[in-house]
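A quick write-up on the structure given underneath.
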Protein chains: 2
Amino acid sequence: MAKPKPRTRDADATKSRILAAAKSEFARLGLGGARVDEIAEKARANKRMIYHYFGSKEDLFRVVLEEAYLDIRNAEQGLELDHLPPVEALETLLRFTWQYYLDNPEFITLVNSANLHRGRHLEGSERLQMASRRLVRMVQDILDRGVESGVFRAGIDAVQLNITIAAIGYYYLTNRFTGAILFERDFMEDAALQQRLAFNIDTIMRLVTV
Amino acid sequence: MAKPKPRTRDADATKSRILAAAKSEFARLGLGGARVDEIAEKARANKRMIYHYFGSKEDLFRVVLEEAYLDIRNAEQGLELDHLPPVEALETLLRFTWQYYLDNPEFITLVNSANLHRGRHLEGSERLQMASRRLVRMVQDILDRGVESGVFRAGIDAVQLNITIAAIGYYYLTNRFTGAILFERDFMEDAALQQRLAFNIDTIMRLVTV
DNA sequence: CTAGTAACGCACCGTTTAGTTACTTTTAAG
DNA sequence: CTTAAAAGTAACTAAACGGTGCGTTACTAG
């Protein structure tokens, strides 16, 4: 349906170029460190366009953040974990979360920035709350099925488990620079990454199985 | 020995006032967001003094960061865990780490800032590496004693365990703002904090015990 | 074809920024 | 008391900074 017409003016394309450039700059330097001029240049757009489409630097940050969260939430749903037995489903979610963080390093720094600013830019986002509820329900369902089939113990809070799954991957990756200095290891070496993933799977499995 | 002379000019006092103000501002707004003028004002000092004592904004950040890390590493050593049986020692370390994060929220945001800048401000800090080595040795010793007495399983990497202990507390607290929005919970309520600490102790104990 | 509108870009504004210069005041040793 | 170094201040600068005013160009409905 969509015509591949080579436009010289294309609002949607310009908007998404701005969004991509903003994501990269906000992730690299934080909200305070990113420069609107730099975003405009990287987007091959004009600064005026940023203000035209997004209103302000902070509003642009808001959109970037919400998109980043919705991206991972949608990708999680694409796993279709309800088709898998509980243990496999949980391990698949763990591996996915780890790989997503590795493939999308901007996500982690964007979330850090959002929290440095006390979550102010995400307040009242209905879309995000809906997407998050779906994730919690998905994990709760895995837990329930595991309890029913006798492989998982009862009484585990799905939210706490979700937080823990994210934590053990996220922390390792976000603090890999200071970690490398403190622990005198290369955190990003292939062997180190594999070892960490295995450790994390072990941690979670020991936590949930009977 | 130290004379309690009421000085109107006191280099050490001024320096530590600057350091305290800088720590607070860097933690609150990040390296890019913090303002040198604001730090000077909060320290009841002059901006010139900051440049006199610390050279540049980045060098000031460097000192703040190193001090923050050395503080927690010293506090950990004060626990004297080698006097405790392995299970108690590990639980004490866990509770301490959790409480330290709660009592020193600046620590977490400073570490986040350090990693946003790829650890560049901590490079080549011998003091920090020494302090970190002591921590790893301490945990390794707890693990060894636990294996010997038959309560812990063998083959657990002390560094991975250290990272995991930090991760499950750190992530919960640093991402409490976006967490509150996503999961529609108050992360800082007394009951929620207690529940999380209990969950974390459970996670680690299941990970290390046979 | 033509007008109206959406997309775009230049050049600038007022403010803020890290860092500096030139100067004064306090301290303490001899 | 003298004096020189250390501690402290205010006013300044040059270069960003986020944000805008206003004019121009391409697209499209009629």
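Convention: sequence-line order gives letters A, B, ...; per-chain numbering from 1. Every heavy atom of this structure was used, including side-chain atoms; hydrogens, water molecules and symmetry mates were not. Because the structure is a prediction, the values reported are computed rather than measured.
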| query | If you look only at pairs with a residue in residues 161-180 of chain B, which of them pass as a salt bridge (Lys or Arg N to Asp or Glu O under 4.0 Å), with sequence neighbours excluded? | reply |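 Matches after skipping sequence neighbours: none remain.
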| field | Qualifying salt bridge (Lys or Arg N to Asp or Glu O under 4.0 Å) pairs with a residue from residues 158-172 of chain A, counting only residues at least two apart or across chains | value |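 Sorted result for residues 158-172 of chain A: empty, none.
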From [atom1] of [X] over to [atom2] of [N], roughly how many Å is that when rounded to an integer?
{"X": "B:Ile50", "N": "D:dG8", "atom1": "CD1", "atom2": "P", "answer": "12 Å"}
{"X": "A:Glu38", "N": "D:dG19", "atom1": "CD", "atom2": "P", "answer": "16 Å"}
{"X": "A:Ile39", "N": "D:dC17", "atom1": "CD1", "atom2": "P", "answer": "11 Å"}
{"X": "A:Ile18", "N": "C:dG9", "atom1": "CD1", "atom2": "C1'", "answer": "12 Å"}
{"X": "A:His52", "N": "D:dT20", "atom1": "NE2", "atom2": "C1'", "answer": "13 Å"}
{"X": "A:Arg44", "N": "C:dA7", "atom1": "CZ", "atom2": "P", "answer": "18 Å"}
{"X": "A:Leu29", "N": "D:dC17", "atom1": "CG", "atom2": "P", "answer": "10 Å"}
{"X": "B:Met49", "N": "D:dA6", "atom1": "CE", "atom2": "C1'", "answer": "9 Å"}

| request: For C:dA6, take OP1 and OP2 only and decide whether either is under 4.0 Å from a side-chain N or O of A:Tyr53. | output: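 Result: no.
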| request: Could you tell me whether the phosphate oxygens of C:dC8, OP1 or OP2, come under 4.0 Å of any side-chain nitrogen or oxygen in A:Thr14? | output: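 Answer is yes, contact under 4.0 Å.
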| message | Check whether A:Arg185 reaches the backbone of A:Leu182 with its side chain - one donor and one acceptor, N or O, closer than 3.5 Å. | response |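 No, because the side chain of A:Arg185 does not come within donor-acceptor range (under 3.5 Å) of the backbone of A:Leu182.
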Give me the distances for all protein-to-nucleotides 16-20 of chain C N/O pairs that come in under 3.5 Å?
unit_1: C:dT17; atom_1: OP1; unit_2: B:Arg35; atom_2: NE; d: 2.7
unit_1: C:dA18; atom_1: OP1; unit_2: B:Ala34; atom_2: O; d: 3.2
unit_1: C:dA18; atom_1: OP1; unit_2: B:Lys57; atom_2: NZ; d: 2.9
unit_1: C:dA18; atom_1: OP2; unit_2: B:Val36; atom_2: N; d: 3.1
unit_1: C:dA18; atom_1: N7; unit_2: B:Lys47; atom_2: NZ; d: 3.3
unit_1: C:dG19; atom_1: OP2; unit_2: B:Tyr51; atom_2: OH; d: 2.9
unit_1: C:dG19; atom_1: OP2; unit_2: B:Lys57; atom_2: N; d: 3.1
unit_1: C:dG19; atom_1: N7; unit_2: B:Lys47; atom_2: NZ; d: 2.8
unit_1: C:dG19; atom_1: O6; unit_2: B:Lys47; atom_2: NZ; d: 2.3

| task | Start with the C-alpha gap between A:Tyr171 and B:Tyr171, add the side-chain angles, then the distance that decides, and say whether ring-ring contact (aromatic ring centres under 6.0 Å, His included) holds. | result | CA-CA 7 Å; A:Tyr171 178 91; B:Tyr171 178 91; 9.3 Å; no
| task | May I ask you to check whether A:Asn112 and A:Tyr170 show a side-chain donor-acceptor distance below 3.5 Å? | result |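 Side chains of A:Asn112 and A:Tyr170: pair found under 3.5 Å.
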| Hey, would you say the A:Tyr101 and A:Tyr172 ring centroids sit under 6.0 Å apart? |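 Distance test on ring centres: not under 6.0 Å, no.
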